[in-house]
Amino acid sequence: MKIEAINLKKKFGNKYAVNNISFVIPENETIGLLGPNGCGKTTTIGMMLGLIKPSSGMIKIDDQDINRVERVKILEKVNFASPYIELPKRLTVRQNLEVFGKLYGIENLEKRIIEIAQDLDLRNFLEKKTGELSSGQKNRVSLAKSLLNKPRLLLLDEPTASLDPDIGDFVRSYIDTYKKINKVTILLASHNMSEVERLCSDILMLKEGKIVDKGSSKFLIKKHGRNNLEETFLKIARGSNEMA
Amino acid sequence: MRWHKIYALSLRHIYLIKSSFPRILDLIYWPTIQIFLWGFISKFFTLSSSYYNNTVGVILSAAILYDFLFRSSISYNMMFLEEIWSRNFTNLFIAPIKISEIIAALTFTAIIRTLIGMVPAAIIAIPLFGVSIFKIGAPLIFLLVCLYLFGVTLGLIVTAGLIRFGPSFENIAWASLFFLAPLGCIYYPIDILPDWLQFLANGLPLVHIFEEMRNILINDTFIISSIFTAFIISLIYFVLGVIIFYIAYFGARERGTLINMGE
């Protein structure tokens with residue numbers, strides 16, 4: 001899926017959470033969305049998911065304005081994972097995957113659940129209640145839910161936040177492998193620089209609702225004369241808002 | 001409307017009910033307590049009141065029907081609150097399910113929760129107080145349909161408030177039914193109310209439902225036009241409830257609360 005944001009704005013009260021941003025994510029590419037807290041990453045993702053109505057501008061998926069296409073048709077091909085949303089805690093992992101599998105209208109659901117459980121190493125706790133899992137296990141279950149429908153557009157909001165390095169690496173490796181095998185366009189919002197460097201072909205730097213820079217991690221590091229992406233991020237986050 | 005989507009969302013709540021015995025117990029507990037409380041009050045009035053002295057259990061029947069309304073509404077709200085409490089709210093709204101299917105799934109699942117609580121309570125009343133709401137006969141089905149429709153409508157309106165204003169609207173969810181109870185003429189005839197309140201009360205289906213219930217139990221007659229009036233009024237409120245729900249949904253998209261909803 002090709003995603004395009006055109007002059008996208010979202011105003012809450014008197015403040016612009018997203019202020020006139022435009023970008024294109026080519027089909028099957030992974031783009032990183034970097035920026036300090038409150039810079040508009042989640043609002044941008046919310047608008048792409050149809051959860052937030054833009055104040056102005058347009059989002060196109062495969063050249064179609066998402067406001068003119070039936071919402072459900074798009075959502076069948078999209079999914080989202082974030083540590084800030086959870087699955088019902090009192091349901092077992094299998095029950096949760098079953099409910100969402102049915103909501104996404106997945107055929108051969110049982111087979112798909114076994115497949116994804118195997119991939120993400122969930123088999124040993126499929127019958128366990130989701131609320132009883134560790135945060136690393138919950139995170140993998142959330143990821144499983146987000147990949148259940150084999151989305152063609154995957155939106156990830158800090159997918160490895162609060163995970164230990166081992167589990168974080170497992171999740172990153174899985175996403176890396178998954179996107180190589182499957183046709184999927186990914187928008188990854190993260191504060192983890194190595195994650196963004198590893199997974200994303202290009203980065204959008206967001207600050208106070210505006211895109212202040214964009215390009216590959218190598219390009220941005222070189223352009224700003226820094227040693228790594230973290231230093232580049234700090235320079236941009238603490239600098240002026242003008243496109244460098 | 002796609003039935004497999006409605007089934008999927010209902011399944012989430014059925015799994016939840018099945019997974020927790022205390023939850024089932026809680027569903028049964030409150031209606032049963034109501035039956036005990038109103039059973040004894042009813043017994044007292046039956047012995048002391050000239051209005052009720054020929055009709056054992058009018059008040060108790062009213063209590064059972066009122067609780068049916070209360071449970072329908074609360075069940076609806078509870079299912080939505082469960083999504084907020086479990087932080088699953090966003091997952092629900094990014095799933096490929098239409099708003100009309102969410103409403104349908106909650107409406108169908110609410111009846112399961114309501115019946116789990118009400119059936120044991122209604123059955124307990126038979127040996128304990130010699131009162132059976134089933135004595136109302138076939139019209140009971142129509143009364144229950146009207147009550148359910150109105151209960152679900154109240155649930156829809158409160159749920160719309162939860163979407164629009166967030167979890168802080170929760171207290172309204174619990175209090176919603178008590179706002180209407182005095183006007184609903186559940187335990188007393190409409191004549192008790194002052195004229196100007198009677199005018200307002202007639203705009204609620206509750207008055208017509210409970211007046212008809214008393215009419216059936218006391219006079220042993222059935223006025224179909226009362227049931228029809230109650231049904232039409234309930235239906236109008238239901239349509240209004242659906243419209244309010246949609247307005248709240250679009251308002252929440254505007255305000256961004258669908259992605260930030262939490263405890």
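Chain identifiers are assigned alphabetically (A, B, ...) following the order of the sequence lines, protein sequences preceding nucleic acid strands; residue numbering begins at 1 within each chain. No hydrogens, no waters, no symmetry mates; every other heavy atom, side chains included, goes into these values. Quantities reported herein were computed from a predicted structural model and do not represent experimental measurements.
Heavy-atom neighbours of A:Lys53 NZ from other residues, nucleotides or ligands within 6.0 Å: at or below the threshold of 12. More than 12 non-hydrogen atoms from other residues, nucleotides or ligands lie less than 6.0 angstrom from OH of B:Tyr148. Heavy-atom contacts from other residues, nucleotides or ligands closer than 6.0 Å to CZ of B:Phe36 number 12 or fewer. Atom CG of B:Leu128 has more than 12 neighbouring heavy atoms from other residues, nucleotides or ligands inside a 6.0 Å radius. Counting heavy atoms of neighbouring residues, nucleotides and ligands inside a 6.0 Å radius, atom CZ of A:Arg90 does not exceed 12 of them. Other residues, nucleotides and ligands contribute only 12 or fewer heavy atoms inside 6.0 Å of the CD atom of A:Glu107. Counting heavy atoms of neighbouring residues, nucleotides and ligands inside a 6.0 Å radius, atom CZ of B:Phe228 does not exceed 12 of them.
Checked by atom type and distance alone, the side chain of B:Asn91 pairs as donor or acceptor with a backbone atom of A:Glu86 at under 3.5 Å. Under a 3.5 Å cut-off, the side chain of B:Arg12 and the backbone N or O of A:Asn96 do not form any donor-acceptor pair. Here the side chain of B:Arg87 pairs no donor or acceptor atom with the backbone of A:Leu87 at under 3.5 angstrom. Formation of a donor-acceptor pair under 3.5 Å by the A:Lys10 side chain with backbone atoms of B:Glu254 is found in this model.
If you measure heavy-atom distances from B:Phe250 to chain A, you find no contacts under 4.5 Å at all. Heavy atoms closer than 4.5 Å to chain B are found in the side chain of A:Phe100, but not in its backbone. With a 4.5 Å cut-off on non-hydrogen atoms, A:Lys11 does not touch chain B at all. Heavy atoms closer than 4.5 Å to chain B are found in the side chain of A:Leu91, but not in its backbone. Residue contact with chain B, scored on non-hydrogen atoms closer than 4.5 Å, involves the backbone and the side chain of A:Phe80 alike.
For the options A:Gly46, A:Ser146, A:Pro88, heavy-atom pairs under 4.5 Å to chain B are most numerous at A:Pro88. Chain A forms more heavy-atom pairs under 4.5 Å with one residue of B:Asn88, B:Leu92, B:Ile6 than with any other, namely B:Asn88. The residue among A:Lys77, A:Gln95, A:Glu70 with the most heavy atom pairs within less than 4.5 Å of chain B is A:Gln95. Listed options A:Val99, A:Thr92, A:Leu51 were ranked by heavy-atom pairs under 4.5 angstrom with chain B; first place goes to A:Leu51.
Annotation: side chain of B:Tyr15 is in contact with side chain of A:Glu98 (closest heavy-atom distance under 4.5 Å).
Between B:Ile97 and A:Val72, the shortest heavy-atom contact is C-CG2, 3.9 Å. Across B:Ala95 and A:Tyr104, no two heavy atoms sit closer than the pair CA-OH, 3.7 Å.
In this structure, A:Met47 CE and B:Ile259 CD1 are separated by 10.0 Å, a value rounded to the nearest 0.5 Å. To the nearest 0.5 angstrom, B:His4 atom NE2 is 9.5 Å from A:Lys102 atom NZ. Distance check: A:Arg71 CZ to B:Ile94 CD1 gives 10.0 Å after rounding to the nearest 0.5 Å. Atom-to-atom distance recorded for B:Arg255:CZ and A:Ile52:CD1 is 12.0 Å, nearest 0.5 angstrom.
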Evaluate the criterion side chain to side chain contact (heavy atoms under 4.5 Å, CB included) for residue pair A:Leu49 and B:Phe93; output intermediate values, then yes/no.
CA-CA 9 Å; A:Leu49 286 166; B:Phe93 280 93; over 6 Å; no

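Here B:Arg2 pairs with A:Glu76 in a salt bridge; the nearest charged N to carboxylate O distance falls below 4.0 Å.
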